Amino acid sequence: MIIEGPVLKYGDKIDTDIIIPARHLKYTDPNYLAQHAMEPLDPEFYKKASKGVVVVAGKVFGMGSSREQAAIALKAAGVRVIVAESFARIFYRNCINNGLPLITLPNATKEIKEGDVVKVNVETGEVRVGNKVLNGKGITGMALDILKAGGIMEYLKRVSQVPTQGG
């Protein structure tokens, strides 16, 4: 699974209230949520992301409350993959469950600049920036299967249709 796109870069400790402010949580439409993603930090985020981007960030991206809408908003806005130095655990799992890949890459913010075009191998964690190859942590096993299916709901639909032995 290879994903390529231009970088939008952010710093450390981007919490879920920055990713999707609480006042928008009463809405469930992914397109509505997308329009307000990252709004407090970058009011132009939706416009920039709509072309398909790679978000690069520092430490503990997605910290704070465990709102699933944060992953939904980013994906619907056009984020194709997130590369960060570290992630909040619940945010990480919410992204996997919603079909949004994440790569943990030490020193991501030092190695990658805003506007760079990167190529990310989700399975190996390899991030290519021009001629430079950076090695992050890839996604394997069931998490990768969930991503390839497009999220947990699609994954569960597929595995529930698999005939069992003897039945």
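The figures here come from the full heavy-atom set of this structure, side chains too, leaving out hydrogens, waters and symmetry mates. All of these numbers come straight from a predicted model, not from anything done at the bench.
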For [X] and [Y], work out which heavy atoms get closest and say how close.
X: Val83; Y: Ala108; value: CG1-CB, 4.2 Å
X: Ile14; Y: Gly11; value: CG1-O, 3.7 Å
X: Leu33; Y: Ala73; value: O-CB, 3.7 Å
X: Thr109; Y: Tyr10; value: CG2-O, 3.7 Å
X: Ser66; Y: Ile90; value: CB-CG2, 3.2 Å
X: Ala37; Y: Ala77; value: CB-CB, 4.4 Å

Among Ile96, Val81, Val55, which residue satisfies the side-chain contact (heavy atoms from CB on, under 4.5 Å) criterion with Leu102?
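Result for side-chain contact (heavy atoms from CB on, under 4.5 Å) with Leu102: Ile96.
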Qualifying residue for side-chain contact (heavy atoms from CB on, under 4.5 Å) with Val79, from Leu8, Val53, Val54:
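The passing option is Val53.
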Donor-acceptor contact present, side-chain [X] to main-chain [Y], <3.5 Å:
X: Ser50; Y: Gly78; answer: no
X: Glu68; Y: Asn94; answer: no
X: Glu154; Y: Ala149; answer: no

According to the salt bridge (Lys or Arg N to Asp or Glu O under 4.0 Å) rule, which pairs have a member within residues 10-33, sequence neighbours left out?
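Residue pairs passing salt bridge (Lys or Arg N to Asp or Glu O under 4.0 Å), neighbours aside: Asp17-Arg67, Arg23-Glu39.
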For residues 85-101, pull every pair meeting salt bridge (Lys or Arg N to Asp or Glu O under 4.0 Å), keeping only residues two or more places apart or in separate chains.
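For residues 85-101, and leaving out neighbouring residues, the salt bridge (Lys or Arg N to Asp or Glu O under 4.0 Å) pairs sorted by first residue read Lys59-Glu85.
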Do [X] and [Y] belong to the same hydrophobic cluster, where Ile, Leu, Val, Met, Phe, Trp and Tyr are linked whenever their side-chain heavy atoms lie under 4.5 Å apart, directly or via other members?
X: Ile152; Y: Val122; result: yes
X: Ile2; Y: Leu100; result: no
X: Met38; Y: Tyr32; result: no
X: Ile82; Y: Leu147; result: yes
X: Leu144; Y: Leu105; result: yes

Has [X] got more than 12 heavy atoms of other residues, nucleotides or ligands less than 6.0 Å from its [atom1]?
X: Lys47; atom1: NZ; result: no
X: Met1; atom1: CE; result: yes
X: Lys137; atom1: NZ; result: no

Any heavy-atom pair between the side chains of [Y] and [X] that's under 4.5 Å?
X: Val117; Y: Glu4; answer: yes
X: Tyr92; Y: Ile139; answer: yes
X: Phe45; Y: Leu74; answer: yes
X: Arg80; Y: Val120; answer: no
X: Glu126; Y: Leu134; answer: no

State the [atom1]-[atom2] distance between [X] and [Y], to the nearest 0.5 angstrom.
X: Ile146; Y: Asn98; atom1: CD1; atom2: CG; value: 10.5 Å
X: Asn135; Y: Asn121; atom1: CG; atom2: CG; value: 10.5 Å
X: Lys119; Y: Ile3; atom1: NZ; atom2: CD1; value: 12.5 Å
X: Thr16; Y: Phe91; atom1: OG1; atom2: CZ; value: 8.5 Å
X: Glu111; Y: Asp116; atom1: CD; atom2: CG; value: 10.5 Å
X: His36; Y: Asn31; atom1: NE2; atom2: CG; value: 11.0 Å

Measure up the His24 and Tyr27 rings against each other and bin them: parallel (under 30°), tilted (30 to 60°), perpendicular (over 60°).
tilted
Under the side chain to side chain donor-acceptor pair (under 3.5 Å) test, which residues partner Gln69, sequence neighbours left out?
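Counting only residues at least two positions away or on another chain, Gln69 forms no side chain to side chain donor-acceptor pair (under 3.5 Å).
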